Amino acid sequence: MPFSLHDLFLLLPEAFLLFAICAVLAVDLVIKPAQRDLTHWLSIAVLVATLVLVVGFPAEPGRGFSGMFVHDAVSRLLKVFILLVVLAVFVYARTYLRDRNLHVGEFYLLCLFATLGMMLLVSAGSLVMIYVGLELLTLSSYALVALNRDSPLSSEAAMKYFVLGALASGILLYGMSMIYGATGTLDLQKIHAVASLAAGSSHQTLLAFGLVFLVAGIGFKFGAAPFHMWLPDVYQGSPTAVTTFIGSAPKIAAFGMAWRLLDGALGGLHPHWGEMLAVLAVLSLAIGNVVAIAQTNLKRMLAYSTISHVGFLLLGLANGTPSGYAAAMFYAIAYAIMATAAFGSIQLLARAGFEAEEIDDFKGLNQRNPWYAFVVLLVMASLAGIPPLFGFFAKLMVLKAAIDAGMMWLAIAAIVFAIVGAFYYLRVIKVMYFDPPVQKGALALPQDIPLRWILSINGAALLFLGLFFGPLLGWCYRAMGAG
Amino acid sequence: MSFELILFYLFSFVLLIAALGVITVKNSVHAALLLVLTFFTAAALWLLLQAEFLAVALVLVYVGAVMVLFLFVVMMLDIKVEPLREGFVRYLPVGAVVALVMLVEMLGLIGLKAMSAQALPPDPAGASNTAWLGNALFTQFLLPFEVAAVILTVALVAAVVLTLRRRTGVKSQNPARQVAVKASERIRIVKMESVSKGGTP
């Protein structure tokens, strides 16, 4: 029996999302451009319904479709936060896109398709599913980056992203083919069994060879140094609404992919990939934090800050212990929520014909609107890792796991670079509170009430999850089986 | 040396020469045609491996459809490749060295022995590989197969959003409105006072 009703039951949230996307696609075709808000609200409704299906999902953990699809605690946890973050991205995006004549239904559709890809990616049980899930995500992202096709900056970013992304996919595929050649199977579980047996045999070198390509591919998709070249240009070049999307939720999905590949399939080769990831982590921390200091464009600065955060995430993964994975997962979720708020604040300040993406645009924000200045303060402090905010505890858990695993020098390097990195976050805060405003008068807030609320909620969440980080952390630990 | 092996070397030689030609010839139409030859020879190699379905699919899909489309595009766009290749000779030594180092490293790591070919076990059921592929696609690989279909849908949506432009001020016909036309919209009857010109006979 190749598949049964049980398999379809496992796939329920994804199947629902796919059919709902097709329905939204059909609705978007017939409505007039002036009614585009309908697509917006429909897409949000689709996400909420999918979220309900994921959370209230009664199916027991299991594997379906001949092992292609895995439903377990990790995939459920990652899916919940992917959906929540995309939901926030949609609320942020509406006014920004409408002011720039980019409010097209395809923005929502491509984001939803990418979300479907992310959900399949974190549930992948086979190399084929990893690849198709990833392609679904990245193909949608390429088109999203090019959404503003009249802007040369946007087109350039899309071309760079496309060419380098295709190269990364090719590298990843090459690694997968090597691993298939060494183990004779595409199923991650079976690869794990064969790879553990293969120690010392001639297959081991072939496996290690494939592993190098896999790690390079994963590094590309994360944007870890030295595979980070595309990231600043893409973040700066794409419309901020799109940057918010590609800078947040895909990081959670990339964590899921890396965990499934490295631990799920090649856990037996941890001595090899642990060191590779450690090198990537230190390089990312160094390059991200140091180069970010020189940036004057906030989006570009946040792009380099992404690279440094990816370094922290990889630090957790490099441990190869369940508590390390749990800390990395916690970090990925924390980073996605922080990044949404950071890019969201740029969208709140932006108006038609004004991007608010330079750091100088935030000058004197405190005098113009104390509340949103405070929210941006929370976001920046959280990114810098200042207690008692969310970002601090995420960093703390990763460092604790690294020290427990005996990676002392890595932890010290991470702390040093985190302190270096605090400079550029604090500069944004200093600019907001101590510099005279360039534009006089109160800040002209957008009419979009949900947009104003979501930023406040997002900022408050950083404080709240920082003060009460226990339940989420416990959930991560339980999902990873780290007790 | 069996006849099969001779064929293999022959096809491989043609394939390599054609592939080299794709990236070295100056005329882009010639490059596209050489790519057709490359695909065709690869299909022949697959036939030697008894993968007849894949070979036929390669010829039908890539040679028959994709490359013909490609050729159309190349002819329509009339791209001058000369400026694109200015640095080719200058960067050639660096590229060659990198490629050589990579080749030596790969061979050193894997060794030639691990790559020695083993004959695949014949299918016990004796089914053709078309039947086998069809079976696998719709049972074991059903989910990735369906997701691949979703990826194609994304490509379609992306192509539309990136290229469709609604231009204003362009004269175009709207068939729906043409069909729904009423007689009253076609002819306007203007009542005019009859005027006598006076004086004419």
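Note that the structure is predicted; figures quoted are calculated from it, not measured. First the proteins, then the strands, lettered A, B, ... as listed; each starts at 1.
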Report task. Taking atom CD of A/Glu275 as the centre, report whether more than 12 heavy atoms of other residues, nucleotides or ligands fall under 6.0 Å from it. Result -> no

Query raised in the report: What part of A/Leu186 gets closer than 4.5 Å to chain B, counting heavy atoms only: side chain, backbone, both or neither?
Result: side chain

Query raised in the report: What pair of heavy atoms forms the shortest contact from A/Val70 to A/Ser75, and how long is it?
Result: O-OG, 3.8 Å

**Report entry** Heavy-atom proximity to chain A below 4.5 Å, by part of B/Ala155
**Finding:** both

Query raised in the report: For A/Ser123 and A/Lys79, does a side-chain donor sit closer than 3.5 Å to a side-chain acceptor?
Result: yes

Report task. Not counting sequence neighbours, list each pair that qualifies as a side chain to side chain donor-acceptor pair (under 3.5 Å) and has a residue in residues 15-35 of chain A. Result -> A/Asp28-A/Arg36, A/Asp28-A/Thr39

**Report entry** Residue A/Asp150 versus chain B: region with a heavy atom under 4.5 Å
**Finding:** side chain

Query - chain B contact via A/Leu11 - which portion, at a heavy-atom distance below 4.5 Å - result: side chain

Query raised in the report: What pairs with A/Tyr161 under ring pair (Phe, Tyr, Trp, His ring centres under 6.0 Å), at least two apart in sequence or on another chain?
Result: A/Tyr142, A/Trp230

Query raised in the report: Any idea which of B/Thr153, B/Leu143, B/Val147 has the most non-hydrogen atom pairs under 4.5 angstrom with chain A?
Result: B/Leu143

Requested in this report: Run the ring-centre check on A/Phe209 versus A/Phe213 and record whether the distance is less than 6.0 Å.
Outcome: yes

Query raised in the report: How about residues 125-137 of chain A versus chain B: which residues have heavy atoms under 4.5 Å apart?
Result: A/Val128, A/Met129, A/Val132, A/Glu135, A/Leu136

Report summary line: Hits for ring pair (Phe, Tyr, Trp, His ring centres under 6.0 Å) against B/Phe141, two or more places apart or cross-chain, chain-then-number order -> none

Query raised in the report: Once the angle between the rings of B/Phe138 and B/Phe145 is folded into 0 to 90°, is it parallel (under 30°), tilted (30 to 60°) or perpendicular (over 60°)?
Result: perpendicular

Report task. On the 0 to 90° scale, with breaks at 30° and 60°, tag the A/His40-A/His103 ring pair as parallel, tilted or perpendicular. Result -> tilted

Query raised in the report: For chain B, which of A/Phe69, A/Phe107, A/Phe113 has the most heavy-atom pairs under 4.5 Å?
Result: A/Phe113

